[in-house]
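Encoded as C-alpha cells, the structure appears first; notes follow it.
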There are 2 protein chains.
Amino acid sequence: MKKKNYSKDSIALHRKHNGKIEIKLKTPIRTKDDLSTVYSPGVSGPCLEIKKNPKKYRDLVSAGKTVAVISDGSAVLGLGNLGALAAMPVMEGKSALFKRFAGIDSIPIVLDTQDTEEIIQTIKNIAPSFGGINLEDFSAPRCFEIEERLKAELDIPVFHDDQHGTAIVVLAGLINALKIVNKKKGSIKVVVNGVGAAGVAITKLLHLYGVKNITLVDSQGIVCNERTGLNATKKKLIEREAQQNICGSLLDALHNADVFVGVSVADILGKNEINNMNSDPIIFALANPSPEIDPIFAKKLGVKILATGRSDYPNQINNVLVFPGIFKGVFEGNKKQITDAMKLRAAKALADMVKKPTVNKIIPGPFEKGIADSIANAVKNSK
Amino acid sequence: MKKKNYSKDSIALHRKHNGKIEIKLKTPIRTKDDLSTVYSPGVSGPCLEIKKNPKKYRDLVSAGKTVAVISDGSAVLGLGNLGALAAMPVMEGKSALFKRFAGIDSIPIVLDTQDTEEIIQTIKNIAPSFGGINLEDFSAPRCFEIEERLKAELDIPVFHDDQHGTAIVVLAGLINALKIVNKKKGSIKVVVNGVGAAGVAITKLLHLYGVKNITLVDSQGIVCNERTGLNATKKKLIEREAQQNICGSLLDALHNADVFVGVSVADILGKNEINNMNSDPIIFALANPSPEIDPIFAKKLGVKILATGRSDYPNQINNVLVFPGIFKGVFEGNKKQITDAMKLRAAKALADMVKKPTVNKIIPGPFEKGIADSIANAVKNSK
C-alpha cells in the first residue's frame, strides 16, 4: 500500500474549501420580522438584559460558550516559530476538532506579537468575546507565564493545551499501562525527557497523581541542583516535583527506570538506554513526526508498551481525546477555572474508557463514542 | 393588529438558541485519515505553504476571507455606552447578517478597553486572524482616529459601518429621490443634522458625490467658523466639505434647503422647520427608534419623500443593504482598502437596484435579490 502523503492531501483540502470552518446561523432570517428580532430594533432587548445582569451573557449570546483558540505562532507543531499567519491552519484545525468531538464552538485567533506582556494584554482585551481561552503553540518558557497570568487575571477558564492536554492523555495512558505491568504509581521511577511545555505539565501532573520518583532530562542531561544556568521553571520543578540530587546523562537517568516519557526529539533511545531500564518498560515516545525510538526497533528490543503521537501505531497520545471534553465540562458546569483536580479526574475518566487495557490499547481511539462526555462529566463534577 | 414586541421576542430567541451563530465544518472528519489531513500531521503542509508564501493565506484558511466585527461597546445602537458584554448581541447579529446576505463569514469581537491607543494596538495584534475589519458602535470622535489609523497601519480592508455603511445608503436614496423631484446634485442645499459618526461620513460622501451646498447642524446650532470649541473633525468639515460662514439655528439652516438628513434625536423637525424648506423637500429622519419627525405628521405637512431607519415605514435606510456586499467585493477583488471610489460606486449600484424610483421606494428592501452581488461587483471593479 502506498503511504499517504497527508501534507499534500491537506494542502489540497485547504485550497479546495478555503480553510476548514465557517459560520452558520442558528436561526433563519427570512422576513422583516426575523430581521427586526435578530438585529435592530429587537436586539436592544438582549443588550439591555446583559447590561442589567452580565451573568446572562453565557446564555444569551453564542460567545458565552465559545472558546478562543489563540496562538502567537512561536512553536507551531514541531515546526518551530512560524509566526501568526502560518499558525492559522493548526488553529482552524483545532476549531474543527472542538466542534466535531464535543459540539463546542471556537474561534481561531493568531497574534501579530510575540511579546509576553502584549500577548497577555491583547488576550485580556478580547476576552469578553469568549467563554474560555485555549492557548496553543506558544513556546516555552513564555507559555507558563502567559497561562498563569491569564488564569489569575481573567474570570473565564484558560487552558494551555500543549501542556495540560498532553499531560492528561499521558497520565491516562500511564494509569492503564501500570495495570498491565502490575506496578504501583508510588514505587515507579519515571524519566521525563524534554522540559518544554509538555514535559513540565506532565511532570507536575504525574507528581500530583502520586508518582514520587521523577527524573527530568533536557538536552544538557539530567536536570539537577548542581547545574548552573537553569531557568526558573526547571529550578522549581526539581525543588517540588522531580528529584534534584542525581546528575548525569539520559542513560544514567534511565538506570532502573520503569517509565520513559519523551517529549523531545527523534531517535535518542537506543539499545543501551532501553536495557538500562527495569523489566516491562513503559515508553511514551511522543516526538513528532519521528518518535524518540522507532516503534519497530523498540519491539525488537523487547519493549511491549509503547505509545507515540502517531496515528499509524497503537496507543496514540492525541490531545483531541481531551480538550473538547474539558471545555464541554467547564461550560456545562459553569466553571471559572480548570483546576488540578479536574485534570486528574479527566485523566482517570479517559483511562476508564478502556475497559480492558492491553499492551496495544492503553488509551482509546479518537473516534470512540462517549469520550468527550465522559471527560465533561469528570470536569463538571470536580472542584 | 397587535404591535410586535421585537425586544421581548429577541430576548426569547437569544435564550432559546444561546445566541445566533455557530461554527460549522466545511469538510467532514470521519476517519483517521480525515483527522490526519485536517489536523496533525497533514496540517503542517498548509502551514509551511503559508510560511513560504504569505499570499496563499487568503486561499488556504477560512480566516483569509473572514471579517472581524469589532466593538468596544461605547455607542451601542442608540443605547449609548453599554460596554463590551452588552454589545455582543449586536455584533453576533451583524455576523448573522454578513452570512445571510452575502455568504461572508465573520467573527464578533468585543473589547474590554475604551482607550483609543489600546484599541488600535489590540486590533492590530489580532488582525492576522482576519481578511477584513468591520468596526461597529465606536463612539465619535474616537471612531475617526481608530479607523484612520487602522486603515493606514493594516494591509487589510477596514470599514466603520456606522459611518460609511450609513453614508452609502443615504447617498443611494438621495440619488433616487433627486430623480423624482427633478433636482440636480450640484444645485441643491443639504442640511445634515447630527455630526457624529454617521453625520460626518454622510457629509463627506455627499460632497464627494458633487453636492456643493451642505450645512452642518449639531446640538448647538449651525456648525460655523464663528463658533468656539469646535472639535478637530467639525473644523475640518467646515473647511472642506460644508459651508462655514452662516451661523444660526436648525430653523435658520433649513431656509431654502432641499434635503434634510437627520442622524440626531427624535422630533426636532416641526411645522416651521418643514415650511422653511424649498418645495419637494427630501427628508432622511434616521434617529432610531423615533425619527426626527413622526412620519404621519410629516405627511400631513406635505412631505412626500421621507426615509427613516425603521422597517415599518417606506424607504428604510438600513446598513444591511451595504456592508455584506462591500466585503464580498473586497474579497472577490482582493482589495487592500475600501476607497472613496468604491463607496461612490456602491451607492450608485444600490440606487440602480430600484428601476423606477417612487416617493415610497427610493431604496430597495433588504430581501430583494442581487443587492450584495451588485455592490460586490461595483467594489471589485473600482480602484
Side-chain angles (χ1 to χ4, degrees), chain A residues 6-7 9-11 13-14 17-27 29 32 36-39 41-47 49-51 54 57 59-63 76-77 79 82 84-86 88-90 92-93 96 99-100 105 107 109-113 122 125-126 128-129 289 311, chain B residues 6-7 9-11 13-14 17-27 29 32 36-39 41-47 49-51 54 57 59-63 76-77 79 82 84-86 88-90 92-93 96 99-100 105 107 109-113 122 125-126 128-129 289 311:
Chain A
Y6 288 120
S7 170
D9 290 353
S10 187
I11 293 169
L13 176 132
H14 281 75
H17 297 289
N18 293 158
K20 292 170 289 199
I21 55 169
E22 63 178 309
I23 294 296
K24 185 184 165 193
L25 274 64
K26 289 180 176 175
T27 176
I29 304 173
K32 275 196 172 187
S36 301
T37 311
V38 165
Y39 202 65
V43 74
S44 63
C47 292
E49 281 286 294
I50 292 168
K51 182 68 186 169
Y57 188 76
D59 292 323
L60 289 176
V61 291
S62 304
V76 181
L77 305 170
L79 304 169
L82 300 187
L85 295 180
M88 183 54 92
V90 178
E92 286 191 0
K99 189 71 180 185
R100 167 62 178 81
D105 293 318
I107 307 279
I109 302 280
V110 291
L111 301 177
D112 197 16
T113 172
T122 298
N125 284 344
I126 63 172
S129 320
S311 59
Chain B
Y6 288 120
S7 171
D9 290 353
S10 187
I11 293 169
L13 176 133
H14 281 75
H17 297 290
N18 293 158
K20 291 170 289 198
I21 55 169
E22 63 179 310
I23 294 296
K24 185 184 165 192
L25 273 65
K26 289 180 175 174
T27 176
I29 304 174
K32 275 197 172 188
S36 301
T37 312
V38 164
Y39 202 65
V43 73
S44 63
C47 292
E49 280 288 293
I50 292 167
K51 182 68 187 169
Y57 188 74
D59 293 323
L60 289 177
V61 291
S62 304
V76 180
L77 305 170
L79 304 169
L82 300 188
L85 295 180
M88 182 53 92
V90 177
E92 286 191 1
K99 189 70 180 185
R100 167 63 179 78
D105 293 318
I107 307 279
I109 303 279
V110 292
L111 300 177
D112 197 16
T113 173
T122 298
N125 284 344
I126 62 171
S129 320
S311 60

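Everything quoted here is computed from the prediction, not taken from an experiment. The sequence lines fix the lettering, A, B, ..., with proteins before strands; numbering per chain opens at 1.
Using a 4.5 Å cut-off between heavy atoms, A/E92 contacts chain B through its side chain alone, with no backbone atom that close. Interface remark: A/V76 contributes side-chain atoms only to the contact with chain B (heavy atom separation under 4.5 Å). Contact of B/L111 with chain A is made through backbone and side chain together, with heavy-atom distances under 4.5 Å. Looking at A/L13, only its side chain comes within 4.5 Å of chain B, counting heavy atoms on both sides. Proximity to chain A is limited to the side chain of B/E49, based on heavy atoms less than 4.5 angstrom apart. Only the side chain of A/L79 comes within less than 4.5 Å of a heavy atom in chain B; its backbone stays farther off. Of the two parts of A/P289, neither the backbone nor the side chain holds a non-hydrogen atom closer than 4.5 Å to a non-hydrogen atom of chain B.
Contact tally against chain B (heavy-atom pairs below 4.5 Å) for A/I23, A/D112, A/D9: the top residue is A/I23. Contact count versus chain B (heavy atoms, under 4.5 Å) is highest, among A/S62, A/G45, A/A86, for A/S62. Residue with the most contacts toward chain B among A/K20, A/H17, A/R100: A/K20 (heavy-atom pairs, distance under 4.5 Å). Note on B/S44, B/A63, B/C47: by heavy-atom pairs under 4.5 Å with chain A, the leading option is B/C47. Chain A forms more heavy-atom pairs under 4.5 Å with one residue of B/N125, B/V110, B/T113 than with any other, namely B/N125. Here A/S129 is the residue among A/P54, A/S311, A/S129 with the most heavy-atom pairs under 4.5 Å with chain B. For chain B, the option among A/L85, A/I109, A/I107 with the highest count of heavy-atom pairs below 4.5 Å is A/L85. Note: A/L60 leads A/I50, A/L60, A/T27, A/T122 in heavy-atom pairs under 4.5 Å with chain B.
With A/Y39 contributing its side chain and B/A96 its backbone, the two residues share no donor-acceptor pair below 3.5 Å.
B/K26 is not listed as a side-chain neighbour of A/I21, based on a closest heavy-atom distance of 4.5 Å or more. Residues B/V61 and B/P46 form no side-chain contact, since every pair of their non-hydrogen atoms from C-beta on lies 4.5 Å or further apart. Contact of the B/S7 side chain with the A/P41 side chain is not registered, since no non-hydrogen atoms from C-beta on lie closer than 4.5 Å.
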